Chemist: 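One structure follows; several queries about it will come next.
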Amino acid sequence: NSINLLEMRGRDSLGLCFQFVLKLTESNLEWYKTAEIDKKHLSAIVENKIVIHSVYRIFNRIGALGENSRRVMHQFRADKTIMDLIKSVRYDSISIVAHTRWASVGSVNQQNVHPLVNIKKPTNQIPTILSFVNGDIYNYMKIYNNMIWQDNIEYNFNEKSDSIALSYLFSEKGSFSSVGGIRKKLTNIAGSITSIILSDENPSKVF
């Protein structure tokens with residue numbers, strides 16, 4: 001209902017994201033492997049935790065109010081693995097973010113629906129960053145061009161989107177280790193934004 005009310009301000013896209021954090025126990029690890037979570041969702045084993053991001057997206061250039069949320073909720077409810085996870089209560093925490101807006105800079109397509117993720121496949125080299133952005137990042141091409149792209153990482157290259165610049169900006173281990181460090185990163189942005197970030201390096205924290 002909340003998202004449907006917010007859709008009055010924009011319904012080009014709707015994204016729904018769940019971050020599940022599980023203790024790394026034998027039973028949880030067995031379930032993780034048997035369910036092949038790493039093949040279906042953005043997931044990683046981080047220290048003594050299993051972190052799973054399940055994301056459901058829809059884009060709609062012209063649509064009726066509430067249509068996007070109905071379609072996204074259908075995707076979510078049809079995801080048997082995640083529904084079973086919720087019913088099992090084997091997780092320690094869930095963080096949930098839903099996001100709707102007029103299209104970001106770039107095309108109205110599935111790739112441009114938030115959250116925008118820095119990488120296609122999680123790796124221990126850098127954290128997985130999921131960003132939800134409202135507003136505009138004017139200097140996104142500068143951020144993109146200043147990125148030091150690491151080898152052997154499958155990045156989500158989307159240089160036509162301004163919003164993914166935020167995910168790129170925090171694609172470094174320890175980016176959220178201090179408030180001062182976060183502020184320093186944000187000084188690289190020219191624009192007007194409000195945003196939310198989830199990371200598998202800092203599971204169960206919503207920035």
Side-chain angles (χ1 to χ4, degrees), residues 2-19 42 53 55-69 71-72 95-120 126-150 153-172 174-202 205-207:
S2 300
I3 280 293
N4 287 339
L5 290 170
L6 286 171
E7 261 198 349
M8 297 298 289
R9 295 182 57 83
R11 63 173 68 110
D12 275 359
S13 64
L14 173 62
L16 176 63
C17 175
F18 294 77
Q19 183 192 75
L42 286 166
H53 293 104
V55 178
Y56 310 92
R57 295 183 172 97
I58 200 75
F59 70 94
N60 197 346
R61 190 177 294 275
I62 301 172
L65 186 64
E67 181 180 351
N68 286 349
S69 61
R71 292 168 69 185
V72 162
S95 301
I96 307 170
V97 182
H99 179 274
T100 185
R101 64 168 287 165
W102 292 122
S104 307
V105 172
S107 303
V108 180
N109 58 24
Q110 196 81 345
Q111 188 183 14
N112 220 12
V113 179
H114 300 228
L116 299 178
V117 190
N118 59 336
I119 51 181
K120 295 179 181 178
I126 65 172
T128 305
I129 303 293
L130 299 88
S131 62
F132 308 77
V133 181
N134 274 356
D136 299 288
I137 299 175
Y138 307 141
N139 65 332
Y140 66 97
M141 283 306 299
K142 181 179 178 182
I143 293 171
Y144 188 90
N145 291 329
N146 286 342
M147 272 290 292
I148 298 172
W149 307 103
Q150 295 190 38
I153 293 178
E154 293 183 50
Y155 288 95
N156 265 325
F157 292 110
N158 187 4
E159 59 184 290
K160 293 183 179 179
S161 168
D162 67 326
S163 296
I164 201 171
L166 192 65
S167 291
Y168 293 151
L169 191 61
F170 285 93
S171 295
E172 185 180 351
S175 290
F176 300 101
S177 58
S178 70
V179 174
I182 295 171
R183 285 177 175 160
K184 188 174 180 180
K185 287 276 188 188
L186 292 175
T187 60
N188 290 286
I189 294 177
S192 176
I193 66 167
T194 182
S195 62
I196 288 174
I197 291 179
L198 298 176
S199 166
D200 58 7
E201 188 178 39
N202 305 85
K205 291 187 178 180
V206 179
F207 295 95

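Since this is a predicted model, take the numbers as computed values, not measurements.
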Chemist: Quick one: does any side-chain atom of Ser171 pair with a main-chain N or O of Ser167 as donor and acceptor, under 3.5 Å?
Modeler: yes
Chemist: Applying salt bridge (charged side-chain N to carboxylate O under 4.0 Å, His left out), can you list everything that pairs with Lys120, at least two apart in sequence or on another chain?
Modeler: none
Chemist: Take the angle between the ring planes of His114 and His99 and call it parallel below 30°, perpendicular above 60°, tilted in between.
Modeler: parallel
Chemist: For Asp136, enumerate each residue passing the side chain to side chain contact (heavy atoms under 4.5 Å, CB included) test, keeping only those at least two apart in sequence or located in another chain.
Modeler: Val105, Tyr138, Asp162
Chemist: So how far is it from Asn118 CG to Ser131 OG, rounded to the nearest 0.5 Å?
Modeler: 8.0 Å
Chemist: Please give me the minimum heavy-atom distance between Val55 and Cys17, naming the atom from each residue.
Modeler: CG2-SG, 4.0 Å
Chemist: After noting the C-alpha distance and the side-chain angles of Ile189 and Ile143, does the key distance pass the side-chain contact (heavy atoms from CB on, under 4.5 Å) rule?
Modeler: CA-CA 8 Å; Ile189 294 177; Ile143 293 171; 4.2 Å; yes
Chemist: Identify each donor-acceptor pair in which a side-chain atom of residues 191-200 lies under 3.5 Å from a protein atom, sequence neighbours left out, and give them as a table.
Modeler:
from, atom 1, to, atom 2, distance (Å)
Ser199, OG, Glu201, N, 3.0
Asp200, OD1, Thr128, N, 2.9
Asp200, OD2, Thr128, OG1, 2.9

Chemist: Identify, with sequence neighbours excluded, every residue that meets side chain to side chain donor-acceptor pair (under 3.5 Å) alongside Ser69.
Modeler: Asn4
Chemist: Measuring from atom CZ of Phe59 to atom CG of Leu14, what distance do you get when rounded to the nearest 0.5 angstrom?
Modeler: 13.0 Å
Chemist: Sequence neighbours left out, what passes side chain to side chain contact (heavy atoms under 4.5 Å, CB included) with Gln111? Give chain and number order.
Modeler: Asn109, Asn158
Chemist: Looking only at heavy atoms, what is the nearest atom pair of Arg57 and Pro115, with distance?
Modeler: NH2-O, 2.6 Å
Chemist: Does the side chain of Tyr56 come within less than 4.5 Å of Arg71's, by heavy atoms?
Modeler: no
Chemist: Supply the atom-to-atom distance Ile137 CD1 to Ile164 CD1, rounded to the nearest 0.5 angstrom.
Modeler: 10.5 Å
Chemist: Can you check side-chain contact (heavy atoms from CB on, under 4.5 Å) on Asn188 and Leu186, steps first, answer last?
Modeler: CA-CA 5 Å; Asn188 290 286; Leu186 292 175; over 6 Å; no
Chemist: Students often mix this up, so state it plainly: with edges at 30° and 60°, are the rings of Phe176 and Phe170 parallel, tilted or perpendicular?
Modeler: parallel
Chemist: For a quick test of reading the model, state the closest non-hydrogen atom pair linking Tyr168 to Phe157 and the distance between them.
Modeler: OH-CA, 3.5 Å
Chemist: How would you list, by chain and number, every residue that makes a side chain to side chain contact (heavy atoms under 4.5 Å, CB included) with Ile96, sequence neighbours excluded?
Modeler: Leu16, Phe18, Ile94
Chemist: Would you name the heavy atoms of Ile119 and Ile153 that are closest together and state the gap between them?
Modeler: CG2-CG2, 3.5 Å
Chemist: Could you walk me through whether Tyr155 and Ile126 pass the side-chain contact (heavy atoms from CB on, under 4.5 Å) test, one step at a time?
Modeler: CA-CA 11 Å; Tyr155 288 95; Ile126 65 172; 4.0 Å; yes
Chemist: When rounded to the nearest 0.5 angstrom, what distance separates OH in Tyr144 from CG in Leu169?
Modeler: 15.0 Å
